[in-house]
Enquirer: 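Below is one structure. I have some questions about it.
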Amino acid sequence: MAKINFGGTEESVITREEYPLSKARDILKKETIAIIGYGVQGPGQALNLKDNGFNVIVGQRKPSRSYEKAVKDGWQEGKTLFSIEEALEKGTIIFYLLSDAAQIQLWPTVKKYLSEGKTLYFSHGFGITFKERTGIIPPENVDVVLVAPKGSGTSLRRLFVEGKGLNSSFAVHQDFTGKARDKAIALGIGVGSGYLFQTTFKNEVYSDLTGERGTLMGAIQGIFAAQYDILRKNGHSPSEAFNETVEELTQSLMPLVAENGMDWMYANCSTTAQRGALDWWKKFRDAVNPVFEELYDRVARGEEAQKSIDSNSQPDYREKLEKELKELRESEMWRAGAQVRQLRPEAGKK
């Protein structure tokens, strides 16, 4: 394990240098990895594992769009692509990558195939952490592990193809065989993680639900909308408002943050921008801190989990989701964004 000091707090992480792919292959050489769920995380993890030399099969309902995607991705019916039940029977490591709501529905079927010594793998701590609400309680004679890439399955696959890696957390909930930790790390390396840091199922889902609703998705959209609206109300054009709110951030500044941190980004901006940012960031922190306190409390009480279960289990969930996404898509800000993206230089070269 590599030791990293984070501002005075030392943390152990696992890198691909100290835990090479050859070691991961050796640990999992007798295993058959069955991917159950070919939606958000499934394709990226499955394809990366296959390309890394692991024995992988996919279980998917037929007919479905996900089944068609699996065929398009090269999985062969009867050889590496099976029904969910066939894949569950054949697999010694079950990747349970369905949505949280779908995991609840399929659990009685999955549980029947969890024979002694198998491994149940998650990429989200939701089902296990909120077991009183989900009913997902694995038998005691199986290993239960987690590897959670810190990004979408699309990003995981893209970075893998580029020869890079997406950082992941890992955890062990249940160690029946005494080898659960080794298997979790090997699987983390196999799916293409950059480095692995240890967590628990509870911490993973608490941080994940907070992050999705906060800076990763919910808060950033709210901040975008507020600034765009203020600029438009004060006479700025849609193009100017969108470029100053979204385009400059995502295309220019965030890559600098990703490269070397916030101070690096500040150092590479004008002195006027530096002064304004340093004067205002604490005001924004103090303004939103109560919102984050409320958010984390709701996550910890299970209220956000229950709301997700209730809404995502409704038969008209997809229709309601599309209606809400359409509201975003057809707002002036994101219609302006569609036009701006078309005007990027690379778009004109196609």
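A quick note: this is a predicted structure, and the numbers were derived from the prediction, not measured. Any value given below was found using the heavy atoms of this structure, including those in side chains, with hydrogens, waters and symmetry copies removed.
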Enquirer: For a side-chain contact (heavy atoms from CB on, under 4.5 Å) check, start with the C-alpha distance between I104 and R133, then their side-chain angles and the critical distance, and finish with the verdict.
Expert: CA-CA 9 Å; I104 296 170; R133 301 170 188 267; over 6 Å; no

Enquirer: Are K69 and D73 ion-paired here, with the side-chain N under 4.0 Å from a carboxylate O?
Expert: yes

Enquirer: Has Y96 got a side-chain atom pairing as donor or acceptor with L120's backbone, closer than 3.5 angstrom?
Expert: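 No, because the side chain of Y96 does not come within donor-acceptor range (under 3.5 Å) of the backbone of L120.
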
Enquirer: Check for me, please, whether I35 and L146 land in the same ILVMFWY cluster - side-chain distances under 4.5 Å, paths through other members count.
Expert: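 I35 and L146: separate clusters.
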
Enquirer: Look at atom CD of E89 and say whether more than 12 heavy atoms of other residues, nucleotides or ligands are closer to it than 6.0 Å.
Expert: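 Open: at most 12 neighbouring heavy atoms sit under 6.0 Å from CD of E89.
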
Enquirer: Nearest 0.5 Å, what's the CZ-CD1 distance between F170 and I14?
Expert: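 F170 CZ to I14 CD1: 4.0 Å, rounded to 0.5 Å.
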
Enquirer: So that I can tick it off, tell me whether D310 and K307 are bridged by a salt bridge, with the cut-off set at under 4.0 angstrom between side-chain N and carboxylate O.
Expert: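 Here K307 does not pair with D310 in a salt bridge, since their nearest N and O are not under 4.0 Å apart.
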
Enquirer: Check whether more than 12 heavy atoms from other residues, nucleotides or ligands sit under 6.0 Å from atom CZ of R318, and answer yes or no.
Expert: no

Enquirer: What's the spacing between K23 NZ and D182 CG if we round to 0.5 Å?
Expert: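 CG of D182 is found 7.0 Å from NZ of K23.
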
Enquirer: Are R61 and E85 ion-paired here, with the side-chain N under 4.0 Å from a carboxylate O?
Expert: yes

Enquirer: For E259, look at atom CD and say whether over 12 heavy atoms of other residues, nucleotides or ligands are found less than 6.0 Å away.
Expert: yes

Enquirer: If you measure only the distance, is there a donor-acceptor pair under 3.5 Å linking the side chains of N48 and R157?
Expert: yes

Enquirer: Atom OH of Y113 and atom NZ of K118: how far apart are they, to the nearest 0.5 Å?
Expert: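 If we round to the nearest 0.5 Å, Y113:OH and K118:NZ are 9.0 Å apart.
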
Enquirer: Does L21 belong to the same Ile/Leu/Val/Met/Phe/Trp/Tyr cluster as L196, with side-chain heavy atoms less than 4.5 Å apart forming each link?
Expert: yes

Enquirer: Take atom CZ of R285 as the centre, draw a 6.0 Å sphere, and report whether it contains more than 12 heavy atoms from other residues, nucleotides or ligands.
Expert: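 It does: R285 CZ has more than 12 such atoms within range.
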
Enquirer: Is a side-chain N or O of E31 found less than 3.5 angstrom from the main chain of I93, in a donor-acceptor match?
Expert: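 Answer holds: no.
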
Enquirer: Report yes or no: does T199 contribute a side-chain atom to a donor-acceptor pair with the main-chain N or O of S169 at less than 3.5 Å?
Expert: no

Enquirer: For E294, I'd like to know if atom CD has over 12 heavy atoms of other residues, nucleotides or ligands within 6.0 Å.
Expert: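 Counting neighbours around CD of E294, 12 or fewer heavy atoms of other residues, nucleotides or ligands fall under 6.0 Å, so no.
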
Enquirer: Think K50 forms a cation-pi with W75, using NZ or CZ under 6.0 Å from the six-ring centre and within 45 degrees of its axis?
Expert: yes

Enquirer: Check R232 with E332, please: is the shortest side-chain N to carboxylate O separation under 4.0 Å?
Expert: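 Yes.
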
Enquirer: Quick check: closest heavy atoms across V340 and N243, and the distance to 0.1 Å?
Expert: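 Looks like CG2-ND2, 3.9 Å.
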
Enquirer: Between Q274 and Y266, is there a donor-acceptor pair closer than 3.5 Å when you use the side chain of the first and the backbone of the second?
Expert: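 Indeed, once roles are kept as given, a pair shorter than 3.5 Å links the two residues.
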
Enquirer: Quick one: do D279 and R275 make a salt bridge, cutoff under 4.0 Å?
Expert: yes

Enquirer: I'd like to know if the side chain of S207 pairs up with that of T210 as donor and acceptor (distance under 3.5 Å, no hydrogens or angles considered).
Expert: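 The criterion, which ignores hydrogens and geometry beyond distance, is not satisfied for T210 and S207.
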
Enquirer: Measure from the ring center of F130 to the ring center of F126 and say whether it is less than 6.0 Å.
Expert: yes

Enquirer: Going through the checks in order, is the side-chain contact (heavy atoms from CB on, under 4.5 Å) test met by Y67 and E77?
Expert: CA-CA 10 Å; Y67 192 95; E77 188 171 357; 3.0 Å; yes

Enquirer: Surrounding NZ of K150 (heavy atoms of other residues, nucleotides or ligands, distance under 6.0 Å), is the total greater than 12?
Expert: yes

Enquirer: So that I can tick it off, tell me whether K62 and E68 are bridged by a salt bridge, with the cut-off set at under 4.0 angstrom between side-chain N and carboxylate O.
Expert: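 No salt bridge links E68 with K62.
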
Enquirer: When you check the gap from the basic side-chain N to the acidic O, do R181 and D143 get nearer than 4.0 Å?
Expert: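 Salt bridge flag = no for D143 with R181.
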
Enquirer: What are the two closest non-hydrogen atoms of P149 and L166, and how far apart are they?
Expert: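 Closest approach of P149 to L166: CB-CD2, 4.1 Å.
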
Enquirer: Would one find more than 12 heavy atoms of other residues, nucleotides or ligands at under 6.0 Å from atom CD of E319?
Expert: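 Enclosed.
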
Enquirer: Around atom CE of M217, are there more than 12 heavy atoms of other residues, nucleotides or ligands at under 6.0 Å?
Expert: no

Enquirer: Distance from S308 atom OG to L209 atom CG, nearest 0.5 Å?
Expert: 6.5 Å

